[in-house]
Trainee: 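Take this structure first; my questions come after.
Numbers restart at 1 for each chain; the letters A, B, ... are given by sequence-line order, proteins then strands. This is a predicted model, so every value here is computed, not measured.
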Protein chains: 2
Amino acid sequence: MSLARHRPWAGAYSTEALCARILERHRQVVRVQKTPVAVANLARIITATLRLSNKQGFHATSLRELAKASGLSMGGLYTYFANKPMLLSMILGEVMATASEVLRAPPEAVAMDAVAHLNWLIATHIRLSEAMQPWFVFAFMEAKSFPPAERQIALEGEVDTESIIAEVLKQGAASGVFVIGEVGLTAALIKPLLQDWYVKRAKYRKRGTTIETYIDAVTAFVGAALGAGTAAAGRASRPAFGQG
Amino acid sequence: MSLARHRPWAGAYSTEALCARILERHRQVVRVQKTPVAVANLARIITATLRLSNKQGFHATSLRELAKASGLSMGGLYTYFANKPMLLSMILGEVMATASEVLRAPPEAVAMDAVAHLNWLIATHIRLSEAMQPWFVFAFMEAKSFPPAERQIALEGEVDTESIIAEVLKQGAASGVFVIGEVGLTAALIKPLLQDWYVKRAKYRKRGTTIETYIDAVTAFVGAALGAGTAAAGRASRPAFGQG
DNA sequence: ACTTATCGAGCGAGCGCTCGCTCGGAAATT
DNA sequence: AATTTCCGAGCGAGCGCTCGCTCGATAAGT
């Protein structure tokens with residue numbers, strides 16, 4: 001399937017898989033012992049949290065609503081987290097960890113060539129944010145109304161992504177394939193182009209823009225802006241996903 | 001002063017001026033009769049609302065907090081709006097109206113040339129969002145957790161700006177100064193570059209990026225992406241502000 | 001000039017309600 | 001029988017919002 005070829009992580013980044021990782025990370029606070037039960041319920045809780053929060057905001061979502069939507073009771077919820085902010089923190093942490101992990105592991109073939117590497121970063125970031133769309137929207141929208149400690153994590157996530165981009169830009173500028181004024185600032189400008197796909201998803205859906213079209217558009221736009229010789233080289237990144 | 005030259009609206013878009021316009025628009029709901037008193041108090045209320053909401057979210061800001069911060073009482077607040085959502089709506093409406101008004105009134109000299117027009121749009125949008133920074137942040141962050149009717153207004157504002165950009169792109173593409181795949185999608189990609197300045201202001205402040213640097217960077221980035229012959233033409237837009 | 005009547009602006013305790021969170025016991029599993 | 005899981009009524013706190021009230025300024029009456 002072409003869909004599978006483009007999203008080799010369809011399984012690896014399913015809600016179930018992500019919740020299993022969250023459980024690992026918070027084993028001492030989740031009071032339910034049986035792992036399969038815990039993962040299943042966590043998945044129901046987090047699915048409901050993402051759905052309701054992305055509609056009306058995390059703060060405006062009450063635990064009673066959440067209990068009803070997830071099929072657990074008030075008390076049941078509290079066997080999975082100690083308090084409401086911690087639920088937020090669980091989701092946020094998982095998004096940050098996964099994003100950093102994925103973006104820091106480019107295929108070898110791609111890492112050698114700055115243009116290919118940048119195009120891979122663009123495509124990968126957008127596809128990952130598509131696979132984990134509700135998670136990314138949540139992290140983006142809710143991060144600011146968070147206690148300082150956790151907000152710091154979110155901020156670092158943003159800076160982290162940018163520094164990955166900046167690193168590639170630096171290499172490309174050094175080898176002469178990119179023409180860039182200031183590397184850091186240019187990386188900062190590329191980031192919102194990647195985020196727009198999930199932040200304003202409704203808009204693109206209404207426009208009828210597919211993810212492939214969007215990736216191609218961003219790749220071409222950024223490529224042209226950086227003076228990369230062949231913007232068409234963007235296409236080189238796609239087959240690389242097939243081997244995942 | 002160079003600052004005044006770059007922001008001829010420093011007075012026209014002050015909190016006081018904006019609140020005076022809000023008062024006009026909502027005369028029948030504000031029960032305070034004396035205009036100077038009403039404007040002054042509206043300004044205190046809205047300043048406090050923007051400050052608290054941008055820190056912790058509108059929903060998380062209670063009217064008791066707001067009363068304390070604005071120097072009015074609970075009852076006093078309710079002589080200026082009928083209910084809490086309406087306070088939100090007042091602010092949102094003012095941002096949308098002002099943005100549309102300003103962006104739809106380019107200087108004549110600029111409107112003739114697509115490149116100059118686009119660069120003027122970029123610079124103007126960024127400078128307006130700087131002058132009204134708390135307002136823009138508020139509109140961006142709070143719009144989604146709003147009743148359908150008002151959310152629609154926010155959405156239309158977004159679409160409105162994009163269609164202004166798209167119109168200029170279309171002209172430029174027709175006259176051959178821009179090389180653009182799909183006009184609508186390209187306009188959609190330019191928008192987040194304008195928004196990033198106020199959405200992630202903390203980041204740019206930390207980087208030490210000035211607004212002039214940012215405008216130049218976006219202008220150059222977009223210019224190059226569109227294949228506009230002289231990206232340096234961006235500078236032509238700035239003196240035009242002096243005449244305001 | 002002095003008194004009195006009127007009024008609009010502002011106050012804040014208190015209403016009904018929902019919030020996040022707890023805990024003793026029922027139900028299910030082993 | 002023992003242990004684990006899950007339930008949901010109930011707690012105090014805080015919410016948006018109301019309303020009877022005070023008070024200083026202005027207007028009217030003398």
Trainee: Answer with yes or no whether the side chains of Gln56(B) and Thr61(B) bring together a donor and an acceptor at under 3.5 Å.
Mentor: yes
Trainee: Check the orientation of Trp197(B) and Tyr204(B). Use parallel for under 30°, tilted for 30 to 60°, and perpendicular for over 60°.
Mentor: tilted
Trainee: Is Arg205(A) atom CZ crowded by more than 12 heavy atoms from other residues, nucleotides or ligands, each under 6.0 Å away?
Mentor: no
Trainee: What is the separation between atom CE on Met86(B) and atom C1' on dC17(D), rounded to the nearest whole Å?
Mentor: 15 Å
Trainee: Out of the candidates Ile165(A), Ile215(A), Leu103(A), Val218(A), only one should pair with His125(A) under the side chain to side chain contact (heavy atoms under 4.5 Å, CB included) rule; please name it.
Mentor: Leu103(A)
Trainee: Rounding to an integer number of Å, can you tell me how far Tyr78(B) OH sits from dC15(C) P?
Mentor: 17 Å
Trainee: Strictly by modelled atom types, are Ser163(B) and Glu167(B) linked by a side-chain donor-acceptor pair under 3.5 Å?
Mentor: no
Trainee: Could you identify which residues of residues 30-44 of chain B place a heavy atom less than 4.0 Å from some atom of DNA chain C, listed by residue number, or say none?
Mentor: Arg31(B), Val32(B), Gln33(B), Lys34(B), Val37(B), Asn41(B)
Trainee: How close do Val32(A) and Arg27(A) get, heavy atom to heavy atom, and via which atoms?
Mentor: O-NH1, 3.1 Å
Trainee: In residues 57-70 of chain B, which ones come under 4.0 Å of DNA chain C, going by heavy atoms?
Mentor: Arg64(B)
Trainee: Rounding to a whole Å, what distance do you find between Leu77(A):CG and dC7(D):P?
Mentor: 9 Å
Trainee: When the distance from CG of Leu72(B) to C1' of dA9(C) is rounded to whole Å, what number comes out?
Mentor: 10 Å
Trainee: Nearest-nucleotide wise, let me know which of Gly75(B) and Gly75(A) is further upstream toward the 5' end of DNA chain D.
Mentor: Gly75(A)
Trainee: Between Lys191(A) and Asp196(B), is the closest basic N to carboxylate O distance under 4.0 Å?
Mentor: no
Trainee: Regarding Gln133(A) and Ser129(A), do their side chains bring together a donor and an acceptor under 3.5 Å, going by distance alone?
Mentor: no
Trainee: Taking for each residue the nucleotide of DNA chain C bearing the nearest heavy atom, is the 5' side occupied by Thr79(B) or by Lys84(A)?
Mentor: Thr79(B)
Trainee: For Phe81(A), answer base if it contacts any base atom (sugar-phosphate contacts may also be present), sugar-phosphate if it contacts only those atoms, and nothing otherwise; contact means non-hydrogen atoms under 4.0 Å.
Mentor: nothing
Trainee: So does Arg21(B) pair up with Glu16(B), basic N to acidic O under 4.0 Å?
Mentor: no
Trainee: In whole Å, what is the span from the CE atom of Met74(B) to the P atom of dC15(D)?
Mentor: 9 Å
